[in-house]
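Keep in mind the model is a prediction, meaning the values are calculated, not measured.
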Amino acid sequence: MKFNKVYIPKEVYMPIIIILVTFVLEKLILMIIKRVFKINEKNTKLDKRRLLTISSILKSITKYSLWIIAILAILTVYGVNTAAIITGLGVVSLVIGLAFQDILKDVLVGITILFDNQFAVGDVVKIDDFTGTVISVGLKSTRIQAYTGEIEIISNRNISKVINYSLDKTLAVVDLPVSYESDLDKVEKALKVSVATLKEKIPQLLDDAQILGVESLDDSAVIYRITGKCKPAAHLAVQRMMRRELKQSMDKAGIKIPYMQIEVHNEK
């Protein structure tokens, strides 16, 4: 039995092959990058933050590069002179630069962030009014996740001012109000007893907490300020634990912490 051969033009099957090969290559290279940059936890000499960030940027470069090459290859299949297009880029570079200037800014700022070590994956940062943990740094954008789960995606070019809580020790600051009727000598004695035990109860504290004294005289309370040096990015958690311990100490000492009260008068 003789079968008629079915002719399938290369314009049909070649783009499919190119896409499949690109997809496989992308997965393969990303897997290699992941293995190469897999952090050995025993090797404390490595900067884990920078390795994670470099890995994130390399993955971004890989994706962009492979798919640009794939698009050019597909255009070649359809008879488009891609060599002329690439050569012509020099002539129209000004137009392209104007059209993609925002993307170029994103890339340049992304590279600057990496080499200046402004922040890295895993750092706790504040950009504008958003505070969270950096989960990825790409060529075009940076992703930050708040502790409540929200993810802020910020174009790199819009990052102008960054507060990084992970580069060095942070300071936990707690303002403790006590009533004006309290004996301040008794308050300070109770604070000294409480502060002396904070380091044992709060592992993130690096040194003994310090009582700075009366910070201010508010409308309804005398405000004492207590501070403690703690591990990078741990200050918020430490402040919560310090408030709890200080509150319990004040209760045991019989010292009142004032709170807002509303008086309601019923007219007869």
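In this structure, I32 CD1 and T62 OG1 are separated by 9.5 Å, a value rounded to the nearest 0.5 Å. Considering CG of N164 and OG1 of T170, their distance stands at 11.0 Å, rounded to 0.5 Å. Note that the CD1 atom of I144 and the OG1 atom of T133 stand 9.0 Å from one another [nearest 0.5 Å]. We find the NZ-CZ distance between K126 and F119 to be 15.5 Å, quoted to the nearest 0.5 Å. Within the model, atoms CG of D251 and CD1 of I257 stand 6.5 Å from one another, a figure rounded to the nearest 0.5 Å. Taking OG1 of T22 as the start and NZ of K63 as the end, the distance is 14.5 Å to the nearest 0.5 Å.
Taking the side chain as every heavy atom from C-beta outward, V174 and R225 never approach each other to under 4.5 Å. Under the 4.5 Å side-chain criterion, counting only non-hydrogen atoms from C-beta, I29 is in contact with L66. Residues P177 and Y224 are not in side-chain contact: their nearest non-hydrogen atoms beyond the backbone lie 4.5 Å or more apart. The shortest side-chain heavy-atom distance between W67 and I19 falls under the 4.5 Å cut-off. Within the 4.5 Å cutoff, the side chain of L236 has heavy atoms near those of the Q239 side chain. In this structure, the side chains of V222 and Y180 come closer than 4.5 Å at one or more pairs of heavy atoms. I135 places a side-chain heavy atom less than 4.5 Å from the side chain of I151. At a threshold of 4.5 Å between non-hydrogen side-chain atoms, the residues I202 and L205 count as touching.
Of all heavy-atom pairs between T227 and M242, the closest is C-CE, 4.4 Å. Between V195 and A209 the shortest heavy-atom distance is CG1-O, 3.1 Å. Considering all non-hydrogen atoms of both residues, A172 and V238 come closest at CB-CG1, 3.6 Å.
The number of heavy-atom neighbours closer than 6.0 Å to CZ of R143, taken from other residues, nucleotides and ligands shown, is 12 or below. Within 6.0 Å of OH on Y147 lie no more than 12 heavy atoms contributed by other residues, nucleotides or ligands. Heavy-atom contacts from other residues, nucleotides or ligands closer than 6.0 Å to CZ of F130 number more than 12. Dense packing is recorded around CD of E150, with more than 12 heavy atoms of other residues, nucleotides or ligands lying under 6.0 Å away.
Salt bridge D207/K229: absent, no basic N to carboxylate O contact under 4.0 Å. Between E245 and K201 there is a salt bridge, since a side-chain N of the basic residue sits under 4.0 Å from a carboxylate O of the acidic one. Of the charged side-chain nitrogens involved, none lies within less than 4.0 Å of a carboxylate oxygen, so that K189 and D185 do not count as a salt-bridged pair.
In the hydrophobic cluster analysis, where Ile, Leu, Val, Met, Phe, Trp and Tyr join through side-chain heavy atoms closer than 4.5 angstrom, I226 is grouped apart from L171. Cluster membership for L176 and I255, using ILVMFWY side-chain heavy atoms within less than 4.5 angstrom, is shared. Put simply, V24 and M31 are part of two different groups of oily side chains (I, L, V, M, F, W, Y) that touch within less than 4.5 Å, one to the next. By the rule that hydrophobic residues join a cluster once side-chain heavy atoms approach within less than 4.5 Å of another member, L184 and V193 end up as members of separate clusters. Note on Y78 and I17: same hydrophobic cluster, where clusters join Ile, Leu, Val, Met, Phe, Trp and Tyr whose side-chain heavy atoms are under 4.5 Å apart, directly or indirectly.
Here the options are Q248, M241, K247, the test is side-chain contact (heavy atoms from CB on, under 4.5 Å), and the partner is R244; only Q248 passes.
Between the side chain of T131 and the backbone N or O of I127 there is no donor-acceptor pair closer than 3.5 Å. Although no hydrogens or angles enter the test, the distance criterion places no donor-acceptor pair under 3.5 Å between the side chain of S182 and the main chain of V178. The closest donor-acceptor contact from the side chain of T197 to the backbone of S194 lies under 3.5 Å.
In the model, S141 has no side-chain atom that pairs as donor or acceptor with a side-chain atom of N156 under 3.5 Å.
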* **Stepwise side-chain contact (heavy atoms from CB on, under 4.5 Å) test for S155 and N158** => CA-CA 6 Å; S155 295; N158 294 327; 3.6 Å; yes
* For side-chain contact (heavy atoms from CB on, under 4.5 Å), just list the numbers for L206 and K231, CA-CA rounded to whole Å, side-chain angles, deciding distance to a tenth of an Å, and then say yes or no. => CA-CA 7 Å; L206 299 175; K231 295 179 181 179; 3.7 Å; yes
